[in-house]
Amino acid sequence: MLGAAPTLRTAAIGCRLQPTLLSPCAYHTTSPTSIRPTDSSSHPRRRVPLSKAKRNVVFKPSTSMTSIRHASSISTPPPHETSTATTQTADHLDWNTFFKLRKTRRWYQLGSSIGTGLGGFVLGAQALTRSDMDALVSQIPLDPFITLGLITFTCGGIGWLTGPIVGTGVFNLRNRKFKAQMDEKEKEFYRRIKRFRVDPSASSMANPVPDYYGEKISSVAGYRRWLKDQRAFNKKRTTYINY
């Protein structure tokens with residue numbers, strides 16, 4: 001009895017307990033559905049191990065950038081070539097500049113003529129007052145005062161005529177870089193004047209010659225106006241002849 005009692009009690013306890021209670025607890029978790037659908041047809045990703053030699057990445061400039069920089073360096077001229085071209089452009093003498101310099105040269109000549117004329121007059125007067133001019137005055141059959149006055153004014157006239165030479169020399173000295181170009185332009189200008197000017201033999205009181213030597217031309221617009229005056233003169237001459 002005593003030996004069988006534990007057996008019966010154990011059997012009764014075993015019958016009362018459910019088998020699920022004796023089984024180990026298992027927790028079932030449901031993973032959320034993946035948003036990105038899996039494509040079974042795509043190739044699986046593989047990890048390729050990088051060797052130690054390929055871990056050091058070196059960035060090299062692309063050939064396109066190198067070619068662009070090379071092209072830009074070729075298209076841009078060096079600074080000294082740019083300065084040389086600018087200097088050549090600045091030293092080039094055009095027609096408007098030629099007429100301006102020609103007008104400036106006239107002012108130099110006029111100023112020099114005034115200065116040398118006054119200087120010649122003063123020097124002539126001083127020379128007459130300090131020297132004995134009786135032998136020279138006695139040979140001229142005029143009043144001595146008139147003779148001395150004529151000699152003084154002659155010295156002043158010589159100084160006036162010397163003025164343009166001095167003025168031209170000073171002008172050429174200050175504008176020596178344009179001297180050769182001005183000589184060429186001067187020859188070309190007078191060649192055009194000689195070609196297009198009118199015949200002065202057909203002039204009259206009603207139809208005078210319009211600036212025969214072109215001395216009043218001071219610009220390109222003035223030269224074109226001079227050509228119009230020459231054509232107007234020829235037209236008026238033919239009109240008078242036909243009349």
cation_pi(K216, W226) dist<6.0 Å, angle<=45: no

Please answer whether the main-chain N or O of T97 pairs with a side-chain N or O of D94 as donor and acceptor at a distance below 3.5 Å.
yes

Within the 4.5 Å heavy-atom criterion, are L93 and L101 side-chain neighbours or not? yes

Contacts satisfying ring pair (Phe, Tyr, Trp, His ring centres under 6.0 Å) that involve residues 109-142 (not counting sequence neighbours) are F121-F153

Exercise. So if you build clusters from Ile, Leu, Val, Met, Phe, Trp, Tyr with side-chain heavy-atom gaps below 4.5 Å, do L128 and L123 land together?
Worked result: no

Exercise for review: For the residue pair N207 and S204, confirm or rule out a side-chain donor-acceptor distance under 3.5 Å.
Suggested key: no

- Item | Centroid separation F189 to F99 less than 6.0 Å | yes

Please say yes or no: joined through hydrophobic side-chain contacts below 4.5 Å, possibly via intermediate residues, are V122 and I158 part of one cluster? no

Between E186 and R102, does at least one N-O distance fall below 4.0 Å, as a salt bridge requires? yes

- Report whether L161 and L118 are members of the same hydrophobic cluster (ILVMFWY, side-chain heavy atoms less than 4.5 Å apart, transitive linking). yes

Are E184 and K187 ion-paired here, with the side-chain N under 4.0 Å from a carboxylate O?
-> no

Q. Are any non-hydrogen side-chain atoms of F171 and M182 less than 4.5 angstrom apart?
A. yes

**Asked** Would I217 and W95 show up in the same hydrophobic cluster when neighbours are defined by side-chain heavy atoms closer than 4.5 Å?
**Response** yes

Across all chains, not counting sequence neighbours, the ring pair (Phe, Tyr, Trp, His ring centres under 6.0 Å) partners of W107 are none

Side-chain polar contacts of residues 196-203 - donor-acceptor pairs under 3.5 angstrom, sequence neighbours left out - could you list them?
residue : atom : partner : partner atom : Å
D199    : OD1  : S201    : N            : 3.3
D199    : OD1  : S201    : OG           : 3.1
D199    : OD2  : S201    : OG           : 2.7
S203    : OG   : P200    : O            : 2.8

### Query
Under 4.5 Å between side-chain heavy atoms, hopping through other hydrophobics if needed: is there a path connecting Y213 to V220?
no

Residue set satisfying ring pair (Phe, Tyr, Trp, His ring centres under 6.0 Å) with F233, at least two apart, ordered chain then number -> none

One should read off an interatomic distance between K194 NZ and Y212 OH, to the nearest 0.5 angstrom, of 9.0 Å

R224 meets the side chain to side chain donor-acceptor pair (under 3.5 Å) criterion, sequence neighbours left out, with none

Rounded to the nearest 0.5 Å, the CD1 atom of I140 sits from the CD1 atom of I151 at a distance of 5.0 Å

Quiz item: Should K179 and D183 count as an ion pair when the cut-off is N to O under 4.0 Å?
Solution: yes

For S112 and G163, the nearest pair of non-hydrogen atoms, with its separation, is CB-O, 3.1 Å

CG (L150) and SG (C155) are apart, to the nearest 0.5 Å, by 11.0 Å

Separation between OG (S131) and CD (Q126), nearest 0.5 Å, reads 11.0 Å

Applied to residues 145-174, the side-chain hydrogen bond (donor to acceptor under 3.5 Å, both in side chains) test, sequence neighbours excluded, yields Y108-R174, Q109-T168

Between the CG atom in N234 and the NZ atom in K236, the distance rounded to the nearest 0.5 Å is 11.5 Å

